[in-house]
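Below is one structure, written out as structure tokens, with a few remarks after it.
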Amino acid sequence: MNVAIVKYNAGNILSVTYALERLGVSPVVTDDIELLQKADHVIFPGVGEASTAMRYLNERNLDSVIKNLEQPVLGICLGMQLLCSYSEENDTTCLSVFDERVVSFLPNGTDKIPQVGWNTISNYSSDLFKGLTQNAYCYFVHGYYAALGPDTVATTNYILPYSAALQKNNFYGVQFHPEKSATVGEKILQNFLDI
Amino acid sequence: MLAKRIIACLDIKNGRTVKGINFENIRDAGDPVELGGFYAAAGIDELVFLDITATNEKRKTLADLAKKIAAVINIPFTVGGGVASVEDVRVLLQNGADKIAVNSAAFKNPSLVASLAKEFGSQCIVVAIDTKQEADGEWYVYLNGGTVPTSTTCLSWAKQAASLGAGEILLTSMNHDGTKAGFALDITATIAKAVSIPVIASGGGGTMAHFEDVFKAGAADAALAASIFHFKEIEVPALKSFLLNKGLPIRL
């Protein structure tokens with residue numbers, strides 16, 4: 001299977017590569033437009049800051065390439081947020097694959113921001129979660145979240161309910177890190193590769 | 001609901017785990033990768049690899065180790081020990097570490113915390129603080145593995161570190177470390193309530209009830225231990241079931 005990981009100025013690409021290798025897949029990490037377009041599956045990872053990442057993608061024309069991909073695409077964490085319409089993080093216009101907006105958690109006096117750690121996901125409505133029991137634990141690290149919307153296919157509750165995962169046509173996005181979510185994450189990555 | 005985290009800490013010297021670890025079903029308990037994999041399979045929520053090597057080759061050894069761990073371990077892990085610069089952190093993150101712990105270097109040069117947060121994001125910057133309660137009742141910061149006292153209180157440094165952009169505080173009580181008499185509930189609760197970032201309590205965990213206490217009375221977001229796990233005095237699955245039964249949010 002030919003899997004491409006989008007190479008850009010965001011961290012954590014190595015961890016995603018290794019997670020796929022543990023599933024028996026050797027991904028190519030690339031910003032080559034042709035290689036991305038030819039891949040069977042594309043993963044758009046990311047840890048970092050939205051406006052810097054978008055600027056990098058825009059400068060290399062990767063913005064239009066990514067949003068026009070036709071094979072299954074999985075955005076992870078910042079990658080998922082960049083597939084949304086807009087991020088409050090430094091007032092950033094994003095790729096508008098998903099209709100949802102990304103906003104900042106607001107302090108409620110008890111919960112810490114950013115959210116760091118294992119939280120449960122539920123209300124699955126995507127093949128990504130095939131075979132998982134409700135309230136599976138996944139690993140999250142984020143201060144911004146995608147609000148609930150028409151593309152929401154799994155929810156999480158932290159301060160308020162929000163989108164743990166989004167899906168629209170061939171585009172999938174997860175706020176958590178499947179590559180760091182133990183066997184639950186491995187199942188989700190395998191489900192994505194099986195799509 | 002966000003789970004309370006249980007973290008195992010492995011001390012590393014020259015690429016090998018130290019602190020007489022006693023495991024029957026592990027082929028090479030001195031291999032940090034194999035031991036880390038064992039804990040991950042047992043349900044530990046995170047791992048911390050703390051390098052105590054003191055050589056010039058250290059940075060490269062630690063980076064090589066991070067890469068080996070990242071290849072095998074499917075949960076988050078932190079690397080620390082002598083990390084002193086933006087470049088040190090960059091190398092470790094590029095080699096697959098999820099978070100980096102900084103201790104003495106951050107205290108001596110607080111702007112390092114701000115630089116790291118700006119460059120890599122707060123989420124991967126753990127400020128580790130070794131603290132000791134003195135005769136005057138106050139908790140002070142200690143440096144260089146707890147060997148060098150300072151006149152700065154733990155509370156003031158923790159608040160400063162958080163405001164500079166630290167993503168988490170790893171708080172070790174030197175009074176409690178190694179005693180197995182329980183975590184330092186008072187200073188842990190003080191810090192956890194004073195900062196808006198997660199606090200990892202370390203030092204003193206000896207029974208399962210100590211973990212319940214540090215999550216409830218200590219208001220900790222995570223609890224870290226080393227030898228009680230290494231010597232199997234407490235097994236991770238049993239600990240997690242115990243805490244779940246006590247009404248705490250725990251990932252099983």
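The sequence lines fix the lettering, A, B, ..., with proteins before strands; numbering per chain opens at 1. Remember, it's a predicted structure, so these values are computed and weren't measured experimentally.
For the atom pair A:Asn135 CG and B:Leu252 CG, the distance stands at 12.5 Å (nearest 0.5 Å). We find the CG-CG distance between A:Asn157 and B:Leu2 to be 11.0 Å, quoted to the nearest 0.5 Å.
Heavy atoms closer than 4.5 Å to chain A are found nowhere in B:Ala40, neither backbone nor side chain. If you measure heavy-atom distances from B:Leu93 to chain A, you find no contacts under 4.5 Å at all. Looking at B:Ile250, the atoms closer than 4.5 Å to chain A (heavy atoms on both sides) all sit in the backbone: N, CA, C or O. The contact between A:Ser181 and chain B is made entirely by backbone atoms, counting heavy-atom distances below 4.5 Å. Using a 4.5 Å cut-off between heavy atoms, A:Glu49 makes no contact with chain B at all. Interface residue B:Ala192: backbone and side-chain heavy atoms are both found under 4.5 Å from chain A.
Other residues, nucleotides and ligands contribute only 12 or fewer heavy atoms inside 6.0 Å of the CE atom of B:Met1. Other residues, nucleotides and ligands contribute at most 12 non-hydrogen atoms within 6.0 Å of the NZ atom of B:Lys68. Atom NZ of B:Lys216 sits in a crowded spot, with more than 12 heavy atoms from other residues, nucleotides or ligands closer than 6.0 Å. With a 6.0 Å radius and a threshold of 12 heavy atoms from other residues, nucleotides or ligands, A:Glu70 has its CD atom at or below the threshold.
For the pair A:Ala182 and B:Arg251, the tightest heavy-atom approach, listed with the atom from each and the gap, is CB-NH1, 3.8 Å. Scanning both residues, A:Ser15 and B:Gly96, for their nearest heavy atoms gives OG-O, 3.8 Å. Listed here is the closest heavy atom pair of B:Asn74 and A:Thr183: ND2-N, 4.0 Å. The minimum heavy-atom distance between B:Asp45 and A:Trp118, with the atom names listed, is O-NE1, 3.0 Å.
Side-chain atoms of B:Lys99 and A:Val116, non-hydrogen and from C-beta on, do get closer than 4.5 Å to each other.
For the set B:Lys67, B:Glu46, B:Gln94, the entry with the most heavy-atom pairs within less than 4.5 Å of chain A is B:Lys67. Heavy-atom pairs under 4.5 Å with chain A peak, among B:Ala3, B:Gly121, B:Ala71, B:Ala219, at B:Ala71.
Contacts between residues 16-27 of chain A and chain B, counted as heavy-atom pairs separated by less than 4.5 Å, involve A:Tyr18, A:Arg22.
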